[in-house]
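Throughout, a chain's letter reflects where its sequence line sits, starting with A, and its residues are numbered from 1. Values reported hereafter were calculated over all heavy atoms of this structure, with side chains retained and with hydrogens, waters and symmetry mates removed.
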Amino acid sequence: DSGVTQTPKHLITATGQRVTLRCSPRSGDLSVYWYQQSLDQGLQFLIQYYNGEERAKGNILERFSAQQFPDLHSELNLSSLELGDSALYFCASSVSDSRQETQYFGPGTRLLVL
Amino acid sequence: AQTVTQSQPEMSVQEAETVTLSCTYDTSESNYYLFWYKQPPSRQMILVIRQEAYKQQNATENRFSVNFQKAAKSFSLKISDSQLGDTAMYFCAFRGAGGTSYGKLTFGQGTILTVHP
């Protein structure tokens, strides 16, 4: 158990809908990262937050947004869902935003868009 | 942009034997960090080992060790005394120490390792 929690574990929804994925980092960690794992794209970095502020952006679609709250939990919002958004979404956390920090991953949220 | 390549989609090994998983990467940065993550059937991503590019000594964690060849941009993982619980997908990952690679990990495509009894 990495100490990173993600809810829900599974999510089934329809095209065009909007969902919110939630992540709680390890105790003491200030930085949160979101990754998407899909069959065709592999594991891709989406976005990073540090202490409430956006730090880095990767291949995140405009239909997707994220935020980190004062209690340091983070939410990833996915809207106007398409079939291709079906994937495993991971949250990871690290102590700081220093590049030397190891990222610890949560168990993931499996999203299925029908 | 950094790229990470794992050229072995699948590998298999007998229990108690040794196996080596390959990884190469491409970067223009001189300082960076390399990782191996394990993803068992539960899909949890578990850190196996990490290597700092500025360290010449290869990292070791119990049965897991790496062969880091900076000039060749190669970072292989050796698993000794393989156990059934080592069956998983293994991902090689790169994290730059500067520039635009600020926070992200760049992953390879993964290698599925099966340990046979």
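- B/Y32 and B/V48 fall within the same hydrophobic cluster, where Ile, Leu, Val, Met, Phe, Trp and Tyr residues are linked whenever their side-chain heavy atoms come under 4.5 Å apart, directly or through other members.
- Within the 4.5 angstrom heavy-atom criterion, only side-chain atoms of B/F91, from C-beta onward, approach chain A.
- If you chain together hydrophobic residues whose side chains sit under 4.5 Å apart, B/M11 and B/Y90 fall into the same group.
- Using a 4.5 Å heavy-atom cutoff, the side chains of B/K104 and A/L46 are not in contact.
- With rounding to the nearest 0.5 angstrom, the CZ atom of B/R43 is 5.5 Å from the CG atom of A/L88.
- The shortest distance between side-chain heavy atoms of B/R95 and A/Q103 falls below 4.5 Å.
- For A/L43, the parts lying under 4.5 angstrom from a heavy atom of chain B are both the backbone and the side chain.
- Neither the backbone nor the side chain of A/Q44 comes within contact range of chain B; no heavy atom of the residue lies under 4.5 Å from a heavy atom of that chain.
- Every pair tested for salt bridge (Lys or Arg N to Asp or Glu O under 4.0 Å) that includes a residue from residues 105-114 of chain A fails, sequence neighbours excluded, so the list is empty.
- When the side chains of ILVMFWY residues are joined at heavy-atom separations under 4.5 Å, either directly or via intervening members, A/L61 and A/L81 end up in a single hydrophobic cluster.
- Considering A/F45, A/Y33, A/Y35 as possible partners of B/L105, the one that fulfils the side-chain contact (heavy atoms from CB on, under 4.5 Å) test is A/Y35.
- For an aromatic pair to be called close, the ring centres must be under 6.0 Å apart, and B/Y37 with A/F105 satisfies this.
- Counting non-hydrogen atoms of other residues, nucleotides and ligands closer than 6.0 Å to CG of B/N62 gives a total of 12 or fewer.
- The hydrophobic clustering, which links ILVMFWY residues whose side-chain heavy atoms are closer than 4.5 Å, places A/I60 and B/F107 apart.
- Taking the side chain as every heavy atom from C-beta outward, A/S2 and B/Q44 approach each other to under 4.5 Å.
- Among A/A92, A/G42, A/G58, A/P107, the residue making the largest number of heavy-atom pairs under 4.5 Å with chain B is A/P107.
- Scanning all heavy atoms of the two residues, the minimum distance from A/F90 to B/Q39 falls at CZ-NE2, 3.4 Å.
- Sparse packing is recorded around CG of A/L39, with 12 or fewer heavy atoms of other residues, nucleotides or ligands lying under 6.0 Å away.
- Summarising the local packing, NZ of B/K78 is surrounded by 12 or fewer heavy atoms from other residues, nucleotides or ligands at distances under 6.0 Å.
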